[in-house]
Amino acid sequence: MEKEYLTVSQINAYINRKLKLDPNLKNIYVKGELSNINIYRSGHIYFTLKDEGSQISAVMFKGMTRFLNFKPKDGMKVIVKGKIEVYEKNGKYQLYAIRITEDGIGALYEAFEKLKKKLEAEGLFEDAHKKEIPKYPKKIGVVTAETGAAIRDIITTIKKRYPYCEILVFSTLVQGNQAAPQIVRQIRHAQQYDLDTLIVGRGGGSIEDLWPFNEEIVARAIYDCKIPVISAVGHEVDYTISDFVADARAPTPTGAAMIAVPDIREITLKLDQLTEKINRNINDKLGQNRARLENISQKQIFKNPESIYEIKGMNLDNLLNKLEYASKNIILENKNKLFQLENKNILKNPNDILRLKKEVYLKNLNKLEVLNPLVTLKRGYALTKVEGKIVSSAKDVKSGDKLDVEFDDGIVNTKVI
Amino acid sequence: MENLSFEESLEKLEEIVNKLENGDVPLDDAIDEFKKAMDLVNICNTKLNNAEEAIAKIVQDNDDIVDFNMNE
């Protein structure tokens, strides 16, 4: 009878399926010490996790390594989050790491949060306590390690931006148990010097490396510091307690130097701009005043000063005219009045009435004289009458009639023959 | 005015510029302010040009001050 058999691949696949189905192995946290770390060119990290009595193979694929916030080193105590599966090619089960964190960090975070709350409650972080960072410092102090990259970054940056100030370095350890008291001592030491600004910090590192800047004594020393403090702790974690309590916070030592001093190119530019502004302003002002002056001197009066007298002369003439006119008017008006008064008087004067009546009488008398027929007789004419009646035609008389011919001075009795 | 610090000179200069730009300053006063401003510009430039090169020193625990060696 032929026995049933499995291929190697089948048995490994079977075991792998068993492991994958086990919920206990899907999402586990394993505590151990890193060893045999091997970073492949592919970017995957292979390592062994071990404790005193045992070990397990582990891998972190490249995609997950971006979550690492420290550089893994052999001997480091870590906590690995991941799952257990079989690598079927070699039949070995291993730990597939999703996250690796340094062991003990949890306690540090807890301490950090506790201290932060405590100091915040005391008001150490309040803006009201923050001193202004001088704009144009003459002397800057730096509390950091004289051997580190941080101090070199700071000096290089200051020299480049604002090569006019003195830098005094107060060297200190910046990591390990001895660091915090030394940092405190140097912050106090620096205050004996006439500094404008104090930079306190170090380059980047793991949370443990940066820990001295999360110590209460350091925080209080910064808070009590009479000199404005810029905190400059490397950028691998977001904040340290020092950052909260300092007067200004920079993410890197270079950043702290940029806060501490202005950029000479900006100052030069500003000076140039101010000079230009002030020149333009004064030129505008002079221009405006010159224009006003010109405008005034263009006026006719200045071109032709006689016109002042001409105008005055004209005014005088005008006045004289008015005066003359006015006086004439007065005379005329008075004459008129007089005339009117005289006219009125004529009618009322008895002599004048008599004279007028006499005139009328004489006029009528003349008329009468013209009409008087006796007057005609004086000029040689005669009236012919027949029995007392005036004969005006020859036909009215016949032979034998007796005619009375009346002359001016007498009557002649005649007979028609 | 020569006794002013660089910062004070620059601030005073800015103050004068603002005054001239905003206020209705009579010409005589404006000319005086202008002269003052140009003096301040000269002071600032002189201070910048004459400033010492930045030097870095280490203050030792016994307060001895020694030059900082960038190459160490």
Side-chain angles (χ1 to χ4, degrees), chain A residues 134-143 146-147 151-152 154-172 182 185-186 189-190 192-193 195-196 257 261-262 264 267-268 270-286 288-290 292-293, chain B residues 3-72:
Chain A
K135 267 194 201 159
Y136 307 100
K138 293 186 194 76
K139 215 185 265 184
I140 289 178
V142 186
V143 173
E146 64 176 291
T147 51
I151 185 59
R152 282 158 185 82
I154 289 171
I155 292 171
T156 307
T157 307
I158 288 179
K159 280 190 172 179
K160 206 193 299 170
R161 283 170 63 89
Y162 191 70
Y164 309 115
C165 74
E166 204 179 332
I167 303 159
L168 293 184
V169 182
F170 298 84
S171 190
T172 171
Q182 269 197 31
R185 193 161 51 80
Q186 288 294 47
H189 188 194
Q192 294 167 16
Y193 292 81
L195 300 173
D196 295 299
V261 295
I264 183 61
I267 294 175
T268 312
K270 189 173 193 178
L271 259 181
D272 288 349
Q273 282 169 347
L274 286 176
T275 311
E276 199 197 314
K277 261 189 190 177
I278 212 151
N279 271 313
R280 198 174 47 224
N281 185 283
I282 201 77
N283 282 335
D284 283 356
K285 195 149 267 166
L286 285 173
Q288 283 162 14
N289 280 281
R290 198 170 287 130
R292 257 174 84 186
L293 181 61
Chain B
N3 299 329
L4 294 177
S5 72
F6 179 79
E7 182 169 15
E8 286 165 337
S9 304
L10 198 59
E11 270 171 12
K12 216 168 167 64
L13 181 59
E14 279 182 302
E15 205 177 282
I16 291 177
V17 173
N18 285 337
K19 190 169 155 192
L20 285 180
E21 296 239 307
N22 300 333
D24 201 7
V25 186
L27 185 63
D28 283 351
D29 296 349
I31 289 171
D32 286 347
E33 294 291 321
F34 173 75
K35 283 180 189 157
K36 243 189 255 171
M38 292 321 283
D39 285 348
L40 286 168
V41 169
N42 285 334
I43 289 170
C44 287
N45 278 325
T46 310
K47 279 188 197 287
L48 284 184
N49 295 334
N50 294 347
E52 294 283 320
E53 179 72 8
I55 35 168
K57 295 184 168 173
I58 295 189
V59 181
Q60 293 177 331
D61 287 349
N62 60 2
D63 284 322
D64 279 352
I65 296 177
V66 296
D67 286 349
F68 181 83
N69 187 345
M70 288 289 276
N71 301 319
E72 252 174 39

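Computed over heavy atoms, backbone and side chain alike; hydrogens, waters and symmetry mates excluded.
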Would you sort out whether Tyr164(A) and Ile264(A) count as a side-chain contact (heavy atoms from CB on, under 4.5 Å), showing the intermediate values? CA-CA 9 Å; Tyr164(A) 309 115; Ile264(A) 183 61; 3.3 Å; yes
Part of Ile154(A) lying under 4.5 Å from any heavy atom of chain B: neither
Which of parallel (below 30°), tilted (30 to 60°) and perpendicular (above 60°) describes Phe170(A) and His189(A)? perpendicular
How long is the straight-line distance from CG of Asp29(B) back to NZ of Lys19(B), given to the nearest 0.5 Å? 7.5 Å
Heavy-atom pair count under 4.5 Å with chain B, highest-scoring of Asn281(A), Ile140(A), Leu286(A): Asn281(A)
Do Met38(B) and Asn279(A) touch side chain to side chain, with heavy atoms closer than 4.5 Å? yes
Just so I understand: if I count every heavy-atom pair under 4.5 Å between each of Gln288(A), Gln192(A), Lys159(A), Arg280(A) and chain B, which residue has the most? Lys159(A)
Proximal component of Ile65(B), with respect to chain A [non-hydrogen, under 4.5 Å]: side chain
